[in-house]
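Everything on this sheet refers to the single structure shown next.
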Amino acid sequence: MSSANTADEIKALKEKIAALEQENSSLKEWINSSAQTAADVFVTEGQETESAERFITDDSLLKNFFMETLDGIVFWGKCGKIIAVNEATCKIFGLSHEDLVKHKISDFIYRKDEKYRKMKQIINEKGALREEAFFLLPNGEKRLLEFTVKLNAGDGYHMTIVRDASERYHMEQQVRKSEERFRKIFEGSIEGMILWDENCKHYEINPSGIAKLELKQEDLTEENFRKLFMNLGLSNALIDEKLQALLRKGRLDGRITIPYEEGRMKHFEYSIKRHLVDNLNLIVFRNITEKIEMEAQLNKSDTLNMLGELAAGIAHEIRNPMTALKGFIQLLENSTGDAYSLYFQVIKTELQRIDSIINEFLVLAKPQSIKFEYTDISKIMNETVSLLTAQAVLHDVQIKTIYDDDLPDIMCEPNQLKKVFINIIKNAIEVMSKGGFVNVTVSQAPGNRIHISIKDEGEGIPAEQIKKLGEPFYTTKERGTGLGLMVSFKIIEEHGGTIEIESEVGHGTIFHIYLPITKETSD
């Protein structure tokens with residue numbers, strides 16, 4: 001059953017109970033008035049009869065009241081002995097008049113407990129009582145009866161007026177069960193739920209909602225619904241906008257993003273229903289951060305697929321004319337001597353750059369044939385550093401290496417890893433325009449992994465740019481393509497590893513590369 005249906009059921013039951021209570025209140029006034037009238041008749045007439053039945057028979061007005069009223073009326077004497085009852089009483093108890101006068105009223109009391117003893121005490125002290133209690137009927141049915149007792153209503157006789165309150169009792173029980181059911185749904189729901197009033201002065205949030213919003217106990221001391229979300233980082237203008245839309249439509253669905261510490265963002269999908277019950281509004285929300293991130297990954301994958309198809313076409317279309325250009329440049333260089341050697345050097349450098357870009361495209365365009373073998377990671381890193389030492393000297397950069405002792409060989413494709421290390425160390429050298437150190441450390445990490453750390457002393461990368469590193473054509477370099485890091489991410493991923501980037505503006509950047517030691521770990 002949905003929470004909306006449960007709330008409607010509770011509301012309907014409460015309205016019916018309120019109507020019954022209103023009717024009951026009016027009837028109680030009439031009963032008291034009637035009881036007093038009956039007592040006055042006894043007194044004013046001053047008749048001394050041998051039984052209440054004979055008195056009722058002799059007075060036509062009292063007889064009509066006694067016989068035709070819908071509520072049960074019981075006259076009783078000493079020790080609670082029943083003397084006379086009307087037809088309504090017979091129907092309530094399911095006994096004939098002859099059978100009822102053989103009993104005492106106390107014979108039908110279901111439970112003679114402490115409450116029963118207190119009722120007797122009040123009747124003796126005050127001479128009147130209005131209460132309700134469970135009566136056990138002769139057919140074995142337990143029924144809640146509401147009764148009004150008046151002592152000395154007549155000449156030595158007492159009167160009790162009874163009314164069946166079982167229907168109201170059962171309805172109250174249904175309301176209570178419905179409220180308990182709603183409470184269980186509210187408390188046990190895996191979705192976050194918040195109930196709040198129209199003025200936003202009070203709210204109630206379920207445990208799931210507290211966990212999803214990462215609220216602490218001190219955050220809940222603020223009872224104002226609006227301030228709760230303002231403390232979570234939402235603007236007052238945004239909250240007003242949503243509340244105004246809810247007033248217009250009565251129902252609101254959407255998504256919202258809440259900022260948290262350390263730059264974390266959590267995305268929520270919500271549905272709001274206005275005046276669900278008793279002028280209370282309900283918001284149901286769920287955390288869709290993983291879904292949003294997955295959608296971003298899918299978009300990135302689509303981009304990669306498109307890029308792969310594009311790369312295959314570009315490589316095919318460019319490589320053929322590139323071969324011809326290289327051949328003619330060599331012929332021209334040989335025939336002109338040294339006169340234009342500087343120009344030819346620039347041309348060959350740019351052609352080589354184009355060829356490098358095409359090769360990077362091809363890595364993305366087609367699956368690479370990778371042959372894994374156990375290799376010393378220190379050896380791969382030493383060969384990489386040797387290749388880049390000359391470029392480092394030109395930029396006034398020194399490369400420092402620190403390796404742990406007894407590092408295990410790892411299952412990898414050496415040339416692929418070398419390409420990754422070249423890309424990252426080369427980027428580190430290029431970002432240090434004033435020179436400095438590139439620190440390379442290789443150590444064993446928990447989880448049967450190898451940790452490679454490459455740290456530069458450049459200007460650092462802002463946090464919002466770090467998230468985009470590795471995306472196609474995104475680069476922080478003036479003449480970069482972004483494909484080098486993209487290929488590096490792909491190679492590490494194929495090895496079952498991960499790349500994490502740590503950076504602080506003005507203090508450099510650290511690339512953390514984690515690689516599994518064995519192929520089984522990678523799989």
Side-chain angles (χ1 to χ4, degrees), residues 262-263 375-410 412 414-471 474-493 495-517:
E262 302 174 354
T375 309
D376 184 356
I377 188 68
S378 302
K379 179 182 177 183
I380 298 174
M381 186 60 74
N382 281 330
E383 292 174 356
T384 303
V385 171
S386 297
L387 287 172
L388 296 171
T389 299
Q391 183 178 358
V393 171
L394 289 174
H395 288 78
D396 195 22
V397 172
Q398 295 184 45
I399 303 175
K400 291 184 175 181
T401 57
I402 302 174
Y403 307 140
D404 278 2
D405 296 331
D406 301 324
L407 285 172
D409 292 347
I410 66 170
C412 66
N415 291 327
Q416 292 264 317
L417 287 187
K418 193 178 295 183
K419 185 176 182 66
V420 172
F421 300 152
I422 288 173
N423 269 327
I424 296 176
I425 296 176
K426 184 170 174 288
N427 286 343
I429 293 171
E430 291 174 353
V431 297
M432 291 191 290
S433 57
K434 298 179 181 179
F437 293 92
V438 174
N439 296 294
V440 179
T441 61
V442 182
S443 58
Q444 190 164 355
N448 202 25
R449 297 183 301 169
I450 292 293
H451 176 206
I452 300 102
S453 170
I454 301 172
K455 181 181 184 301
D456 64 55
E457 296 178 347
E459 293 299 319
I461 307 171
E464 60 273 12
Q465 294 183 9
I466 290 178
K467 299 175 182 178
K468 297 182 179 179
L469 292 179
E471 293 183 2
Y474 182 82
T475 179
T476 57
K477 295 189 296 183
E478 183 179 351
R479 301 189 65 195
T481 63
L483 296 176
L485 267 184
M486 186 176 177
V487 170
S488 299
F489 273 91
K490 183 176 181 182
I491 290 172
I492 296 300
E493 183 181 343
H495 280 72
T498 58
I499 297 180
E500 298 175 5
I501 304 171
E502 178 186 349
S503 185
E504 184 179 351
V505 176
H507 293 81
T509 303
I510 308 174
F511 276 78
H512 299 282
I513 303 170
Y514 294 93
L515 291 169
I517 293 175

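Sequence positions, counted from 1, serve as the residue numbers for this chain. All values derive from a computational prediction rather than experimental measurement.
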About how many Å separate [atom2] of [Y] and [atom1] of [X], when rounded to the nearest 0.5 Å?
X: Asn427; Y: Phe511; atom1: CG; atom2: CZ; result: 6.5 Å
X: Arg449; Y: Ser443; atom1: CZ; atom2: OG; result: 10.5 Å
X: Ile410; Y: Leu515; atom1: CD1; atom2: CG; result: 5.0 Å
X: Asn415; Y: Ile491; atom1: CG; atom2: CD1; result: 10.0 Å
X: Asp409; Y: Ser378; atom1: CG; atom2: OG; result: 9.0 Å
X: Ile377; Y: Ile452; atom1: CD1; atom2: CD1; result: 4.5 Å

Is there side-chain contact between [X] and [Y], with heavy atoms separated by less than 4.5 Å?
X: Ser453; Y: Asn439; result: no
X: Val438; Y: Met432; result: yes
X: His512; Y: Glu502; result: yes
X: Thr441; Y: Lys455; result: no
X: Glu457; Y: Lys434; result: no
X: Val442; Y: Asp404; result: no
X: Ile425; Y: Met381; result: yes
X: Thr498; Y: Ile513; result: no

Test of understanding: with side chain to side chain contact (heavy atoms under 4.5 Å, CB included), list the residues that count as partners of His507, not counting sequence neighbours.
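Counting only residues at least two positions away or on another chain, His507 forms a side chain to side chain contact (heavy atoms under 4.5 Å, CB included) with Glu504.
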What's the verdict on side-chain contact (heavy atoms from CB on, under 4.5 Å) for Leu394 and Ile429, showing C-alpha distance, side-chain angles and the deciding distance?
CA-CA 10 Å; Leu394 289 174; Ile429 293 171; over 6 Å; no
Looking at Val440, Val393, Thr384, which one forms a side-chain contact (heavy atoms from CB on, under 4.5 Å) with Ile399?
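Looking at Val440, Val393, Thr384, the match for Ile399 under the side-chain contact (heavy atoms from CB on, under 4.5 Å) is Val440.
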Could you tell me which non-hydrogen atom of Ile517 sits nearest to which non-hydrogen atom of Pro408, and how far apart they are?
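Looking at all heavy atoms of both residues, the shortest contact is CD1-CG, 3.7 Å.
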Shortest non-hydrogen contact from Ile380 to Cys412?
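Looking at all heavy atoms of both residues, the shortest contact is CD1-SG, 3.9 Å.
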Asp456 side-chain N/O to Thr509 backbone N/O, donor-acceptor pair under 3.5 Å:
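Pair found, side chain donor or acceptor close to backbone of Thr509.
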Determine whether a donor-acceptor pair (N or O, by modelled atom type, separation under 3.5 Å) exists between the side chain of Ser503 and the backbone of Gly508.
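Judged by distance alone, yes, a pair lies under 3.5 Å.
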Just do the side-chain contact (heavy atoms from CB on, under 4.5 Å) check on Ile492 and Leu417 with the steps written out, would you?
CA-CA 8 Å; Ile492 296 300; Leu417 287 187; 3.9 Å; yes
